[in-house]
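Numbering of ligands and ligand atoms starts at 1, following listing order.
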Amino acid sequence: MKLCFNQATTMKHSTLEQDLALCEKHGYDLIEIRLDKLEGYLTRHRVADLAAFFRNNRLKPYGFNALECVTFLSDAELGVHLDRVSAIGEIGQAIGCSCVVVVPSFDVVGATVDAIRDESVRVLHRLADVGEPYGLRMAYEFIGYPNCTVNTFGQAYDIVRAVARDSVGVVLDCFHFHAMNSCFEDLEGIDPEKLFAFHVDDSEALPPGALRDSNRVWPGEGAVDLDRIVGILKRKGYDGMASLELFNPSYWEMETETVIRTGKDKLVQVLRNGGFAV
Ligand code: ZN
């Protein structure tokens with residue numbers, strides 16, 4: 001299992017330059033780059049500088065986060081996302097990064113499960129049509145909020161299966177899995193090849209439907225049954241990446257290096273508890 005750092009964890013005060021240096025120092029294998037942090041970086045550096053960093057260091061880029069609210073849009077609005085896929089694809093080719101996280105829309109009044117499935121499948125095909133020539137893969141991430149159109153693992157996995165395209169897979173985020181009571185039975189049915197990103201985090205013990213990203217806590221210190229989730233992935237033969245992704249505002253106020261070092265220790269412990277050799 002490869003250890004990955006998601007920049008949401010240090011979102012408020014850190015920069016891509018700082019996260020890169022500290023993740024390299026503390027032995028992460030991979031980083032998920034936030035698009036807003038990348039935008040900031042590119043006001044100070046060139047894409048070639050980023051490519052050179054990854055060439056000269058052990059740390060490698062895994063993916064970009066995120067294209068958000070991609071479904072139930074007008075053609076013009078979807079076109080903006082398609083243009084972003086081209087731009088991301090070009091940068092991805094230059095730096096060796098081949099995955100982008102894609103998030104469904106929220107607050108679509110009256111949309112049925114079937115309508116959401118059809119629309120998600122349609123949009124993922126459109127995005128994949130643009131991304132594939134760049135070697136870019138789309139990782140669809142369900143969000144465990146009641147008002148997200150795709151808010152359980154089973155619903156997201158059903159959509160990705162319906163797309164039936166090698167370049168389209170699912171994100172499993174432990175916090176989101178817990179937050180809307182996703183089914184462990186659905187997770188037992190996963191084809192590990194379809195799991196493009198595994199976000200590791202934990203949660204304060206609020207009732208289903210009440211949790212928000214700010215309720216995330218260090219892996220192993222909350223209410224999520226991480227042993228069961230990680231254990232299932234181990235049994236299913238998943239051997240991809242595990243990415244620390246916290247959005248806790250109190251962690252944002254801590255020293256960045258402390259967060260990156262502490263987070264890695266917590267991540268490693270959770271993976272070991274689930275049977276992975278890390
Ligand atoms: Zn996530």
For this session: Please list, in chain and residue-number order, the protein N/O/S atoms closer than 2.8 Å to the Zn ion (ligand 1).
Result: Glu141 OE2, Asp173 OD2, His199 ND1, Glu245 OE1
Exercise. Yes or no on salt bridge (Lys or Arg N to Asp or Glu O under 4.0 Å) for Asp29 and Arg58, after CA distance, side-chain angles and deciding distance?
Worked result: CA-CA 7 Å; Asp29 303 298; Arg58 179 174 171 277; 2.7 Å; yes
Seminar exercise, completed: Applying side chain to side chain donor-acceptor pair (under 3.5 Å) to Arg84 and not counting sequence neighbours gives none
Can you list, pair by pair, the side-chain donor-acceptor contacts under 3.5 Å of residues 179-188, counting residues two or more places apart and other chains?
unit_1: Ser182; atom_1: OG; unit_2: Phe153; atom_2: N; d: 2.8
unit_1: Glu188; atom_1: OE1; unit_2: Arg235; atom_2: NH2; d: 3.3
unit_1: Glu188; atom_1: OE2; unit_2: Arg235; atom_2: NH2; d: 2.9

Problem set entry | Asp114/Arg117 salt bridge by N-O under 4.0 Å criterion | no
Exercise. What residue pairs, at least two apart or across chains, pass salt bridge (charged side-chain N to carboxylate O under 4.0 Å, His left out) with a residue in residues 263-278?
Worked result: Glu221-Lys266
Exercise. Taking it one step at a time, do Arg126 and Asp75 satisfy salt bridge (Lys or Arg N to Asp or Glu O under 4.0 Å)?
Worked result: CA-CA 11 Å; Arg126 294 285 306 276; Asp75 285 348; 5.1 Å; no
